[in-house]
Amino acid sequence: MSTFKAPKGTYDLIPPDSATYLAVREAIAAPLRNSGYGYIETPGFENVELFARGVGESTDIVTKEMYTFETKGGDKLALRPEGTASVLRAALEANLHKAGNLPVKLWYSGSYYRYERPQKGRYRHFSQVGAEAIGAEDPALDAELIILADQAYRSLGLSDFRILLNSLGDKECRPVYRAALQDFLRGLDLDDDTRRRVDINPLRVLDDKRETVQKQLAGAPLLRDYLCDACKAYHEEVRTLLVAQGVSFEDDPRLVRGLDYYTRTTFEFVHDGLGSQSAVGGGGRYDGLSEMIGGPALPSVGWALGVDRTVLALQAEGIELRLPSTTSVFAVPLGEEARRVLFAKVTELRKVGIAADFSYGGKGLKAAMKAANRSGARYALVLGERDLAEGVVQLKEMESGEQTAIAVNEIVAELESRLG
Ligand code: ATP
Ligand code: MG
């Protein structure tokens with residue numbers, strides 16, 4: 001063992017568990033790929049100012065959780081704490097919104113970094129798969145994204161999750177509500193930090209997890225009583241579309257994403273088996289974000305799902321993904337000449353798309369068969385000196401132990417037909 005350990009709040013993904021993470025990423029991405037979303041990858045770090053504006057100066061992410069650093073050249077950068085700001089920045093920079101094909105639909109998958117207090121489900125390096133639909137205001141688009149996330153979770157076999165849904169209004173009705181909420185909050189007994197938050201970002205106070213605060217919020221005004229007619233109609237349409245598609249959700253009038261440019265539809269996926277880190281994913285509309293980072297008005301909607309917490313959700317529901325063994329054939333050469341012959345066969349098998357592995361290091365039969373077993377392969381190919389002389393190879397079916405001699409120059413075709 002080396003003297004080094006993974007940094008605090010991080011962990012390594014190693015086989016065999018890493019296969020589950022890959023499968024989860026793929027399961028979340030599949031419905032997106034199937035629905036017109038194109039893959040986008042952006043740098044792991046950005047100008048710190050992008051996040052300050054694009055995530056919000058008053059958020060925990062920007063004030064406490066960001067990894068910021070100055071380069072030797074004097075640039076102020078931050079490791080990305082989330083994906084939306086970067087994806088929008090990249091789309092604007094590449095003028096994707098001017099190509100005359102809105103919405104621009106993008107999906108991404110990658111690592112994110114937040115300096116948080118590490119605990120189960122909360123890490124300093126974690127992984128998200130996300131989607132953004134940029135440049136269209138259409139309730140069907142909001143519904144689409146919620147449906148695709150629901151489909152992703154269901155395809156993994158998850159069922160113990162709930163979708164919380166709310167509307168945050170728009171620039172017409174939101175300010176009226178904001179003022180009413182501020183009035184209410186200023187009458188409460190709150191600590192200095194929270195009082196400051198009341199001034200800058202009062203909606204975020206609704207999101208305070210502390211029980212003492214939550215108790216005082218019981219009589220707080222609710223946004224749904226302040227929505228303008230256009231926002232009400234929009235939200236009703238999103239709800240109607242979801243109901244028609246058989247996607248169940250709960251109206252949660254207190255669900256907020258407390259940034260000024262988040263608008264209308266807001267949603268969160270929570271899993272009931274995860275304890276306090278129960279949010280597996282979240283998202284919503286952000287009609288004002290593009291302008292906040294210097295772009296044109298581009299109403300948009302998106303979500304990000306956490307891969308780490310989704311894996312924990314699988315564990316909580318006792319779900320083991322059926323992941324086919326990656327190796328189908330394991331080759332066991334006995335001797336120098338056999339090694340050359342079998343190595344050629346393994347290369348050939350791989351070329352025709354059959355997953356094959358090889359016993360390296362000149363192992364004897366016993367150790368090599370152990371390795372074949374561990375690989376999970378359905379077949380072992382054993383080639384000894386007598387086989388060589390006869391021009392055959394022993395094809396062993398691992399489960400039954402049944403063994404057949406097959407001509408060396410027919411083995412690839414034989415395996416192709418057996419493995420279908
Ligand atoms: P929380 O309220 O738990 O801090 P959040 O609102 O900060 O979550 P988002 O910014 O909406 O989370 O990120 C979307 C998803 O990414 C979360 O639902 C979660 O699954 C995942 N996520 C966020 N932060 C972490 C973290 N520190 N460790 C692991 N997963 C995370
Ligand atoms: Mg957080």
Side-chain angles (χ1 to χ4, degrees), residues 6-13 21 24-25 27-28 51 54-56 58-67 78-88 107-132 145-146 149-150 152-153 156 158 160-166 168 197 201 203-210 213-214 252 254-259 261-262 265-286 289 301-316:
K8 186 172 172 196
T10 73
Y11 62 102
D12 304 303
L13 290 179
Y21 282 76
V24 165
R25 284 196 187 108
I28 299 174
F51 298 122
V55 178
S58 69
T59 58
D60 281 352
I61 292 183
V62 170
T63 55
K64 298 182 199 154
E65 298 171 3
M66 225 157 35
Y67 283 88
L79 299 185
R80 58 183 183 188
E82 58 103 49
T84 306
S86 310
V87 168
L88 192 56
W107 75 274
Y108 59 87
S109 171
S111 293
Y112 295 85
Y113 307 87
R114 295 184 193 175
Y115 189 74
E116 303 210 58
R117 197 167 66 78
Q119 49 203 294
K120 190 170 186 192
R122 190 176 295 287
Y123 311 104
R124 292 181 173 176
H125 165 262
F126 60 97
S127 171
Q128 287 183 342
V129 176
E132 316 289 349
L145 277 162
I146 294 171
D150 181 72
Y153 286 141
L156 286 164
L158 291 168
D160 201 9
F161 66 89
R162 291 175 292 136
I163 302 172
L164 309 180
L165 185 67
N166 193 19
L168 291 183
R197 193 168 273 178
N201 198 340
L203 269 74
R204 202 77 200 174
V205 177
L206 296 177
D207 206 18
D208 199 308
K209 304 264 189 319
R210 290 170 298 181
V213 178
Q214 278 303 326
D252 181 351
R254 284 168 182 274
L255 181 69
V256 293
R257 297 175 81 70
L259 313 185
Y261 37 82
Y262 277 116
T265 314
T266 304
F267 50 88
E268 200 163 273
F269 287 78
V270 293
H271 193 278
D272 291 321
L274 293 187
S276 45
Q277 269 60 252
S278 62
V280 284
R285 257 200 177 268
Y286 49 91
L289 180 54
V301 56
W303 51 242
L305 308 188
V307 175
D308 311 73
R309 287 187 197 170
T310 303
V311 170
L312 292 173
L314 287 172
Q315 288 166 11

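All residue numbers in this chain count up from 1 along the given sequence. Given the structure is predicted, the values throughout are model-derived calculations rather than measurements. Note that ligands are numbered from 1 as they come in the structure, with each ligand's atoms numbered from 1 the same way.
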From the list Tyr11, Tyr123, Tyr21, side chain to side chain donor-acceptor pair (under 3.5 Å) partner of Asp308 resolves to Tyr11
In this structure, atom 12 (O) of ligand 1 is nearest to the protein heavy atom Arg114 NH1, 3.8 Å
* Asked: Does at least one non-hydrogen atom of Gln277 fall below 4.0 angstrom from an atom of ligand 1?
  -> no
Within the structure, is a non-hydrogen atom of Glu82 found at a distance of less than 4.0 Å from ligand 1? no
Task: Under 3.5 Å donor-acceptor, Asn166 side chain and Leu255 backbone - done: yes
protein heavy-atom neighbour closest to atom 11 (O) of ligand 1 works out as Arg257 NH2, 3.4 Å
**Request:** Report yes or no: does Arg80 contribute a side-chain atom to a donor-acceptor pair with the main-chain N or O of Ser111 at less than 3.5 Å?
**Result:** yes
of all protein heavy atoms, closest to atom 28 (N) of ligand 1 is Tyr123 N, 2.9 Å
Exercise. Quick check: does any side chain N or O of Arg124 sit under 3.5 Å from a backbone N or O of Thr10, one acting as donor and the other as acceptor?
Worked result: no
Worksheet item: Right, does atom 6 (O) of ligand 1 have protein non-hydrogen atoms nearer than 4.0 Å?
Response: no
Considering both backbone and side-chain atoms of Gly281, is one of its nitrogen or oxygen atoms within less than 3.5 Å of a nitrogen or oxygen in ligand 1? yes
- Would you call Arg197 and Asp60 a salt bridge, using N to O less than 4.0 angstrom? yes
So, does Gln119 use its side chain to make a donor-acceptor pair with the main chain of Arg117 at under 3.5 Å? yes
Measure from the side-chain N and O atoms of Gln214 to the backbone N and O of Asp208, and report whether any donor-acceptor pair falls under 3.5 Å. yes
Check: Backbone or side chain, does any N or O of Val280 fall under 3.5 Å from an N or O of ligand 1?
Finding: yes
Taking every heavy atom of Phe269 against every heavy atom of Ala149, the minimum-distance pair comes out as CZ-CB, 3.4 Å
Looking only at protein heavy atoms, what sits closest to atom 1 (P) of ligand 1 is Arg122 NH2, 3.6 Å
The atoms of ligand 1 lying under 4.0 Å from a heavy atom of Gln128, numbered in the order shown, are 13 (O), 14 (C), 15 (C), 16 (O)
Looking at Arg117, Lys120, Arg309, the heavy atom closest to atom 19 (C) of ligand 1 belongs to Arg309
If you compare Phe126, Tyr115, Tyr113 by their heavy atoms, the one closest to atom 26 (C) of ligand 1 turns out to be Phe126
of all protein heavy atoms, closest to atom 27 (N) of ligand 1 is Glu116 OE2, 2.6 Å
So the atoms of ligand 1 within less than 4.0 Å of a heavy atom of Lys209 turn out to be 2 (O)
| query | Side chain of Glu82, backbone of Tyr112: donor and acceptor closer than 3.5 Å? | reply | no
In ligand 1, the atoms that come under 4.0 Å of a heavy atom of Gly121 are 28 (N), 29 (C), 30 (N)
The closest protein heavy-atom partner of atom 21 (C) of ligand 1 is Gly306 CA, 3.8 Å
Backbone of Gly306 reached by a side-chain donor or acceptor of Thr310 within 3.5 Å: yes
Practice item. Return yes if some donor-acceptor pair links the side-chain N/O of Arg114 with the main-chain N/O of Pro81 below 3.5 Å, else return no. Key: yes
Q. Looking only at N/O atoms, are Ala279 and ligand 1 under 3.5 Å apart anywhere?
A. yes
